[in-house]
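Below: one structure, written as structure tokens.
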Amino acid sequence: MKSLLYISLFTMLSFAGSIPQDGICVVEFNAPFNKANSVDWIDELSDCKGRRVDISENPELQVEHKIVVVPTVIVFNDGEEVERFQGNIMMQLEASQEDVQNAVDEILISWF
């Protein structure tokens, strides 16, 4: 029952469509079978939009962004990939919230 709840929650949070083409966007690509390793701090990042993509619901985005392992977190600036963080062999993201926030901050600094 608990896994069914996780799958339902992940589907509700999934993002359909294309990656925003304006500003900084951090996107987590994951799948329901790996919900236990979801990036729970994606919405806590500052100065960027946060999105989640369920690759089972959006296989075209998986192909387009060459997602080969979940979770994968990609930092986009105006729709272009700037940095990628991928899960390890245990399907866990080793990058921290601070690592991803630093990537966002570097983009902001480059604007000046």
Side-chain angles (χ1 to χ4, degrees):
M1 181 69 169
K2 191 175 186 180
S3 63
L4 196 56
L5 178 62
Y6 284 145
I7 291 170
S8 297
L9 179 61
F10 190 80
T11 302
M12 289 187 328
L13 295 173
S14 68
F15 170 72
S18 61
I19 304 303
Q21 299 297 306
D22 60 323
I24 303 169
C25 186
V26 177
V27 181
E28 174 199 11
F29 294 85
N30 208 343
F33 66 82
N34 193 41
K35 175 62 180 156
N37 294 317
S38 185
V39 180
D40 58 357
W41 41 257
I42 199 97
D43 296 320
E44 296 173 18
L45 297 169
S46 59
D47 302 314
C48 64
K49 299 173 192 120
R51 300 282 191 270
R52 289 183 170 82
V53 173
D54 176 345
I55 62 170
S56 67
E57 295 285 325
N58 301 282
E60 71 285 354
L61 291 177
Q62 177 185 6
V63 172
E64 178 182 347
H65 297 289
K66 299 175 178 76
I67 305 302
V68 295
V69 64
V70 290
T72 293
V73 172
I74 301 179
V75 180
F76 293 92
N77 184 24
D78 294 333
E80 297 293 322
E81 182 177 330
V82 175
E83 187 137 6
R84 177 181 292 239
F85 304 91
Q86 292 182 295
N88 60 23
I89 195 165
M90 300 298 293
M91 294 190 296
Q92 298 169 333
L93 191 68
E94 292 181 350
S96 67
Q97 179 178 353
E98 183 178 352
D99 294 332
V100 177
Q101 185 65 58
N102 286 340
V104 169
D105 294 344
E106 293 223 2
I107 295 169
L108 292 170
I109 290 170
S110 73
W111 291 351
F112 294 100

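Just so it is clear, the structure is predicted and the values come from calculations on it, not from any experiment.
At a cut-off of 3.5 Å, with distance as the only test, no side-chain donor of Asn58 or Gln62 sits close to an acceptor on the other residue. Between the side chains of Asn34 and Asn37, at least one donor N or O sits under 3.5 Å from an acceptor N or O.
You'll find the side chain of Pro32 stays beyond 4.5 Å of the side chain of Glu57, heavy atoms only. The side-chain heavy atoms of Val82 and Phe76, taken from C-beta on, include no pair separated by under 4.5 Å. Counting only heavy atoms from C-beta outward, the side chains of Ile24 and Asp47 never approach each other to under 4.5 Å.
The two atoms that bring Val69 and Asn88 nearest to each other are CG2-O, 4.1 Å, heavy atoms only. Of all heavy-atom pairs spanning Asp54 and Ala31, the tightest one is OD1-CA, 4.2 Å. The nearest pair of heavy atoms linking Ala95 to Trp41 is O-CZ2, 3.9 Å. A pairwise comparison of heavy atoms in Ser38 and Asn30 identifies CA-ND2, 3.5 Å as the closest pair. Closest heavy-atom contact between Glu94 and Asp99: O-OD2, 4.5 Å.
Under the 4.0 Å criterion applied to side-chain N and carboxylate O atoms, Asp43 and Arg52 are assigned as salt-bridge partners. Look at Lys49 and Asp22 and you find a salt bridge, because one of the NZ, NE, NH1 or NH2 atoms lies within 4.0 Å of a carboxylate O, short of that distance.
Here the straight-line distance linking atom NZ of Lys66 with atom CD of Gln86 works out to 12.0 Å at 0.5 Å rounding. Taking CD1 from Ile55 and CG from Leu61, the interatomic distance works out to 10.5 Å, rounded to the nearest 0.5 Å. Remark: Asp78 CG to Glu80 CD distance equals 8.5 Å, nearest 0.5 Å. Distance check: Gln97 CD to Ser46 OG gives 8.5 Å after rounding to the nearest 0.5 Å. Of the inter-residue distances, the one linking Asn102 atom CG with Ile109 atom CD1 reads 9.0 Å to the nearest 0.5 angstrom. In this structure, CG in Asn77 is found 4.5 Å from CD1 in Ile107, a value given to the nearest 0.5 Å.
Results of the side-chain contact (heavy atoms from CB on, under 4.5 Å) test with Val53 over Thr72, Ile67, Ile74, Val27 single out Val27 as the only residue that passes.
Note on Ile19 and Val26: separate hydrophobic clusters, where clusters join Ile, Leu, Val, Met, Phe, Trp and Tyr whose side-chain heavy atoms are under 4.5 Å apart, directly or indirectly. The hydrophobic clustering, which links ILVMFWY residues whose side-chain heavy atoms are closer than 4.5 Å, places Ile42 and Leu108 together.
Heavy atoms from other residues, nucleotides or ligands lying under 6.0 Å from CD of Gln21 number more than 12.
His65 and Phe29 have tilted rings, their planes meeting at an angle from 30° to 60° on a 0 to 90° scale.
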